[in-house]
Amino acid sequence: MSNLKTTLTGYASYRGREGHYSFLLHRITGLGTALFLIIHILDTSFVYFLPDLYQHAINLYRSTLFGIAEVGLVFCVFFHGVNGLRVAFFDLIAPRLWSVPRQRFSTKITLLITLLMWVPASAIMLYNMLYHNFGWFGG
Amino acid sequence: MTTNTRTIEKPKPNFETKSWMFMRYSAVLLIPLVFGHLILQDVIVGVHRIDLDYVAMRWASIGWRIYDALLLAFAFAHGVNGIRQVLNDFIQSDQVRKIMHWGLFLLWLIVTAIGAIALIGGVRPIS
Ligand code: HEM
Ligand code: HEM
Ligand code: HEM
């Protein structure tokens, strides 16, 4: 139990600023996406194992609650992907370029790129949800 | 003048080193695969237009089946190995770690097998 406590208090109290937040966000978004993927592979496999139930599963995805969760999922995947590429770049291609100021700067760029991709994607998804679930825009 | 330098042989990469490399190499591949899939299915097509016929139509083309197979193989292996890395930070006992490794391996094997069978078997008609 003490291990759990030590690791978790480390997560909360370590003061690594940008690097610390991006580490935490990378973890949480990676775990969230992995959890979604387990469910997603199983629901997709219904098309073969339980085709009668596939539509039922998709109807869940169409609900407003899942619609909001999907906007979150897209953020998780975008941030995790862009940040992962940043990590892989500094580790594999240019470890010589690693410096604290550059880590801080590239973390901010990562967040900016994520938002630039996520905001329009969310707008489209939100539009779809309002159109189909609430009858807006003539839906 | 003599210098005291000592050359040490580079250690052979062990399992953890290889898994560290795998996370980074798969990352480069996952960008087009996962971003492409997510933007297409979730943003452009949208869940309101996805149903059995839609999947049947997509899997009628072998190209999309190969795409989905790559996604299944790399995204899920990357994700499960990532979960393993996170749990490793919380576990100190070798015995518990062993149980965790086997548990995650079985989870990966079973879910990947289910996904692969569906991908190969294709869409079956509603009875
Ligand atoms: C006793 C343990 C640790 C020591 C002595 C230590 C020390 C340092 C030092 C000296 C730096 C560079 C200075 C700076 O960023 O201002 C740094 C950066 C960093 N550390 Fe640690 N650290 C420790 C634990 C950790 C842990 C547990 C994490 C993960 C949660 C972590 C993640 C990072 C990251 C991501 C950076 C980059 C920070 C940035 O870009 O500003 N470190 N650490
Ligand atoms: C979109 C492209 C992706 C890229 C570029 C990417 C990149 C990375 C990289 C480089 C790491 C290693 C981080 C480290 O060791 O410090 C990592 C960790 C991880 N990834 Fe991904 N990844 C991607 C997609 C995914 C997906 C789809 C999932 C879920 C199924 C996922 C789940 C995880 C998890 C759980 C970790 C462990 C997090 C940690 O150790 O803190 N990733 N990712
Ligand atoms: C909510 C957003 C998503 C939607 C609406 C969606 C939709 C779909 C659909 C309709 C299929 C069936 C086959 C096809 O048409 O190609 C599929 C399969 C698949 N998707 Fe997604 N997807 C989403 C997110 C993701 C993410 C984020 C990942 C990866 C991390 C992913 C990984 C997969 C895999 C591996 C398969 C093949 C599953 C199997 O073989 O059983 N999907 N997806």
Side-chain angles (χ1 to χ4, degrees), chain A residues 2-4 6-8 10-11 26-27 30-31 33-38 40-42 44-52 54-55 58-63 66-67 70-71 73-74 77-78 80-82 84-85 87-89 91-92 117 120-125 127-129 131-133 139, chain B residues 20-21 23-28 30-32 34-35 37-39 42-52 54-56 59 68 71-72 75-76 78-83 85-86 89-93 96 107-108 110-127:
Chain A
S2 70
N3 300 331
L4 185 69
T6 315
T7 313
L8 284 180
Y11 282 1
H26 195 75
R27 282 229 136 146
L31 288 176
T33 310
L35 185 71
F36 164 81
L37 186 55
I38 296 174
H40 181 56
I41 293 172
L42 295 178
T44 299
S45 68
F46 279 13
V47 300
Y48 177 76
F49 293 101
L50 299 160
D52 299 326
Y54 185 73
Q55 195 54 49
I58 289 295
N59 283 343
L60 281 179
Y61 279 99
R62 291 180 184 177
S63 68
F66 270 60
E70 268 168 41
V71 176
L73 172 73
V74 171
V77 174
F78 283 173
H80 185 93
V82 178
L85 211 57
V87 170
F89 172 78
D91 283 350
L92 298 178
M117 293 169 64
S122 310
I124 296 173
M125 291 168 70
Y127 171 87
N128 278 341
M129 196 169 79
Y131 182 92
H132 290 279
N133 293 11
Chain B
W20 188 92
M21 297 296 274
M23 289 308 273
R24 280 147 185 80
Y25 285 120
S26 63
V28 179
L30 284 178
I31 286 283
V34 175
F35 280 21
H37 180 79
L38 191 65
I39 292 170
D42 214 9
V43 182
I44 297 176
V45 175
V47 282
H48 293 273
R49 277 192 274 163
I50 292 174
D51 54 19
L52 269 186
Y54 173 80
V55 180
W59 282 1
D68 282 0
L71 204 54
L72 179 65
F76 195 52
H78 174 105
V80 173
N81 196 38
I83 297 176
Q85 283 183 7
V86 176
D89 284 358
F90 289 89
I91 295 170
Q92 248 100 76
S93 127
V96 178
L107 174 81
W108 171 78
I110 293 168
V111 174
T112 303
I114 292 175
I117 293 170
L119 202 48
I120 293 166
V123 180
R124 289 198 303 177
I126 296 177
S127 51

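In the text below, chain A, chain B and the rest are named by the order of the sequence lines, each starting its count at 1.
When heavy atoms are compared at a cutoff of 4.5 Å, Val34(B) approaches chain A solely by way of its side chain, counted from C-beta outward. Using a 4.5 Å cut-off between heavy atoms, Ile39(B) touches chain A through its side chain atoms alone. Proximity to chain B is absent for every atom of Phe89(A), based on heavy atoms less than 4.5 angstrom apart. Looking at Phe49(A), both its backbone and its side chain come within 4.5 Å of chain B, counting heavy atoms on both sides. Contacts between Arg27(A) and chain B at a heavy-atom distance below 4.5 Å involve the side chain alone, from C-beta outward.
With contacts defined as side-chain heavy-atom distances shorter than 4.5 Å, the pair Gln55(A)/Ile126(B) does not qualify. Looking at heavy atoms from C-beta onward, Val77(A) lies in side-chain contact with Phe35(B) at the 4.5 angstrom threshold. The shortest distance between side-chain heavy atoms of Thr112(B) and Ile41(A) does not fall below 4.5 Å. Val86(B) places a side-chain heavy atom less than 4.5 Å from the side chain of Leu31(A).
In this pair, Tyr11(A) and Phe90(B) present their aromatic rings perpendicular. The plane angle is above 60°, beyond the 30 to 60° band.
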Pair Tyr54(A)-Val123(B), side-chain contact (heavy atoms from CB on, under 4.5 Å): steps then yes or no: CA-CA 10 Å; Tyr54(A) 185 73; Val123(B) 180; over 6 Å; no
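A salt bridge does not link Arg124(B) to Asp52(A): none of the charged side-chain nitrogens sits closer than 4.0 Å to a carboxylate oxygen.
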